[in-house]
Number of protein chains: 2
Amino acid sequence: MNSNIKRPTIKDVAKKSNVSVATVSRIINNLDGYSEETRKKVIEAMDELGYQRNAIARNLKVKETRTIGVLRPKISTTYYVEILNGIEDFAQRNNYSVIICNGGDKWERMSEYLQVLSERQVDGLIVCSIPPDDTLCKRIIDSHIPTVLVSGLSYKYSLPYVKVDDYQAAYSATSYLIENGHKEIAIISGPTEDPIAGVPRLNGFLQALRDNNISIKKNLIKEKGFGFIDGVEGMNELLKTGEKFTAVFAASDDCAVGALSVAHKNGLKVPDDLSIVGYDNTNIAEMSYPPLTTVAQPLYDMGKKSVEMLIKRISNNEKVESIIMPFEIIERETVKKIKNI
Amino acid sequence: MNSNIKRPTIKDVAKKSNVSVATVSRIINNLDGYSEETRKKVIEAMDELGYQRNAIARNLKVKETRTIGVLRPKISTTYYVEILNGIEDFAQRNNYSVIICNGGDKWERMSEYLQVLSERQVDGLIVCSIPPDDTLCKRIIDSHIPTVLVSGLSYKYSLPYVKVDDYQAAYSATSYLIENGHKEIAIISGPTEDPIAGVPRLNGFLQALRDNNISIKKNLIKEKGFGFIDGVEGMNELLKTGEKFTAVFAASDDCAVGALSVAHKNGLKVPDDLSIVGYDNTNIAEMSYPPLTTVAQPLYDMGKKSVEMLIKRISNNEKVESIIMPFEIIERETVKKIKNI
DNA sequence: TTGTACGCGTTATCAA
DNA sequence: TTGATAACGCGTACAA
């Protein structure tokens, strides 16, 4: 605590300006009930003393901390950075502060964090990519803390969320490939244990194939994960099967870049020999070579939207609707137009 | 605030268990002065009521919030993610929470944030990449909030920092290139207005050249910045000069990847036709093709170290020493050994 | 071993 | 237009 300097309190200001604390408080909070003269006097005293209001004391009194807690997985992708930026910016703009907790790879210590956040009386909670396992959801519900989920949801508990429709997006990305003339399309998908971003994207992919009368080849489906290494492994396995394919749809940009990397290593020209489309549109998509065609999630806006919903929830105590955000296919240079559309 | 549910207070559990609040408080805080019997009784009451202590009230009383504020620029690199992870992990482990504020591109609203953090009575402050302009430093000093700087410093004001020696690191990276037989080496450096990461890296580069009797060619020095686009522009300009060079040292990994990208585009094989070394060792270094040789900063540890220093500073109120962290050259696949060492 | 009562810095009510 | 004063929920002398 600010070392040995003791900060001036409202009492000090009151004394110095010969008024009561009540009056000082009124002035601080822009209420009315004082003359212009006293206002000046008090302001002056505050300046001289370097008075700053003590938010803690205020919070105790008004039972509101203007703080929102954010739970997120500890993953080094710009994915969460963008979401977080959206959250922070919009929160700050509305005079909320943000306490961040990262939940390790396995969200092990999540309930501890929830506990801490609860004790700290956060006004609300935002959870990024909540684990499919519903225990955390249950805890959140029990805590009665207003919460909104970003890029995740619970099928069991009713918590408002903001995300894109992964099924649709994957369907659309796959269709895009098909429209460009691709027929042998592989996928490196997320794990099927992941009901949020794993299964729907795979299903969207599959359905697009079916709807276009393209037979599904087991060999061309690799269930891996969302990391660079998953892309590498997936692509290697794909190559090893000997099955022919002209395009691959990857579960994430990192994954796509991993695939891209082994393509390079094997002398495959992208997009001439092989097309790749990613997912997310994180920074790396524009930084890869060639720049990655990918389906974009409005990450920043998702973050922003989530706090908007949360604030509405907090202040009006009203139920808010979940929101499906729009996705978009960003055409860059990793898919070849085999036939013109 | 948790909707309409009013949380049980210490008073409620006191009443329910027929003891005084003092006793309950003792039990909560693991002090002594009560019988095992009453302890049980109280614990039971707490469980039944679902009591959680109110950290805000506690903070007000003990004048300590166990909160540290983090100021950081709003840049989408995994660079700050790693540092932040280090900060958060170590903070949480020591029962501190972290409030994040991002300072926009130009740190415009920094003093507002400082104000907010101060009013919220944070116990300490960590500032990432503090802007060279000393006004923020001055404000921090004036606030008397214990502070440590990460990957940045002030030449004017005395604030403890943790960073690597950019001059040394750049010198070392350049020497590495020279040792591998490179003589025509270009640099895409940060701006010379940046006295922290811009100038020292350039100077280290220059000095390494001089110490090896390599003449310095103005054409091969491009002062740009730390982003991908800077690498792109820098490399394009470099190519345009017609000056021959076999290697380029980039101010950051993002920058290096930008350079790499235009190399690809121009049909230059890396590392056969051109060697590149980056700076930072962020995620992208292993994800680029070919994987980037780069000088590594121990980002996570820097974050961790900074809160370690801060906590020491807070609890003992003792001055702490600045720390120079070690760097390391990570050899991957973007530099050609023209001659064996 | 336990309880009473005060104070932390605010806000808000009520009376003046 | 102002000022006493009672909360807010907790920790802690001090007394019992």
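Here the structure is a predicted model, which means the values were calculated and not measured. By convention in this document, chain letters (A, B, ...) are assigned in the order of the sequence lines, proteins followed by strands, and residues within each chain are numbered from 1.
- Between A:E64 atom CD and C:dT11 atom P there is a gap of 12 Å when expressed in whole angstrom units.
- Contact annotation for A:V21: base contact, defined as any heavy-atom pair under 4.0 Å involving a base atom.
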Worked check of salt bridge (Lys or Arg N to Asp or Glu O under 4.0 Å) between B:R39 and B:E36: CA-CA 5 Å; B:R39 198 188 69 88; B:E36 177 59 18; 3.3 Å; yes

Determine whether B:D142 and B:K138 satisfy the following criterion, salt bridge (Lys or Arg N to Asp or Glu O under 4.0 Å), listing intermediate values before the conclusion. CA-CA 6 Å; B:D142 289 344; B:K138 169 117 179 55; 2.8 Å; yes

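- Rounded to whole angstrom, the span from the CZ atom of B:R120 across to the P atom of C:dT10 amounts to 15 Å.
- With hydrogens and angles ignored, the 3.5 Å screen pairs a side-chain donor or acceptor of A:D133 with a backbone N or O of A:T135.
- Straight-line distance from the CZ atom of B:R66 to the P atom of D:dC10: 19 Å, rounded to whole Å.
- Separating the CG atom of B:L31 from the C1' atom of C:dG3 is a distance of 15 Å, rounded to the nearest angstrom.
- In the set C:dT2, D:dT2, C:dC8, D:dT2 carries the atom at the smallest distance from any side-chain atom of A:Y34.
- Nucleic acid contact class of B:D32 (heavy atoms, under 4.0 Å, all strands): none.
- Within the 4.0 Å cut-off from OP1 or OP2 of D:dC10, not a single side-chain nitrogen or oxygen of B:S25 is found.
- When atom types are taken as modelled, the side chain of B:D123 and the backbone of B:R66 share a donor-acceptor pair closer than 3.5 angstrom.
- Residue-level contact check: A:T9 touches the backbone only, with heavy atoms under 4.0 Å from sugar-phosphate atoms and none from bases.
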Using atom types as modelled, flag every donor-acceptor pair under 3.5 Å from a side chain in residues 54-61 of chain A to any protein atom, sequence neighbours excluded.
| unit_1 | atom_1 | unit_2 | atom_2 | d |
| --- | --- | --- | --- | --- |
| A:N54 | OD1 | A:I56 | N | 2.8 |
| A:N54 | OD1 | A:A57 | N | 3.1 |
| A:N59 | ND2 | A:A55 | O | 3.1 |

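- In the interface, the side chain of A:K61 is paired with the base of D:dA7 through a donor and an acceptor atom under 3.5 Å apart.
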Take A:S97 and B:R120 through the side chain to side chain donor-acceptor pair (under 3.5 Å) test and state the conclusion after the steps. CA-CA 10 Å; A:S97 287; B:R120 280 171 181 271; 3.0 Å; yes

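- Atom C1' of nucleotide C:dT11 and atom CD of B:E119 are separated by 15 Å, given to the nearest angstrom.
- In this structure, B:S76 contributes its side chain and A:T78 its backbone to no donor-acceptor pair below 3.5 Å.
- Remark: P of C:dG9 and NZ of A:K63 are 19 Å apart, rounded to the nearest angstrom.
- Both B:L60 and A:V62 lie near DNA chain C, and the one whose nearest nucleotide falls closer to the 5' end is B:L60.
- Here C:dG9 presents its C1' atom at 17 Å from CZ of A:R26, a figure rounded to the nearest Å.
- Contacts of residues 35-58 of chain B with DNA chain C (heavy atom under 4.0 Å): B:S35, B:T38.
- Rounded to whole Å, the distance from CD1 on B:I27 to P on D:dT12 is 15 Å.
- The 12-atom threshold is exceeded at NZ of A:K74, counting heavy atoms of other residues, nucleotides or ligands nearer than 6.0 Å.
- Distance from the side chain of B:V19 is smallest for C:dG3 among the nucleotides C:dT13, C:dG9, C:dG3.
- OP1 and OP2 of D:dA4 both lie 4.0 Å or more from every side-chain N or O belonging to A:S20.
- B:N18 comes within 4.0 angstrom of the backbone, heavy atoms only, and of no base.
- Within the 4.0 angstrom heavy-atom criterion, no nucleotide atom of any strand lies near A:N59.
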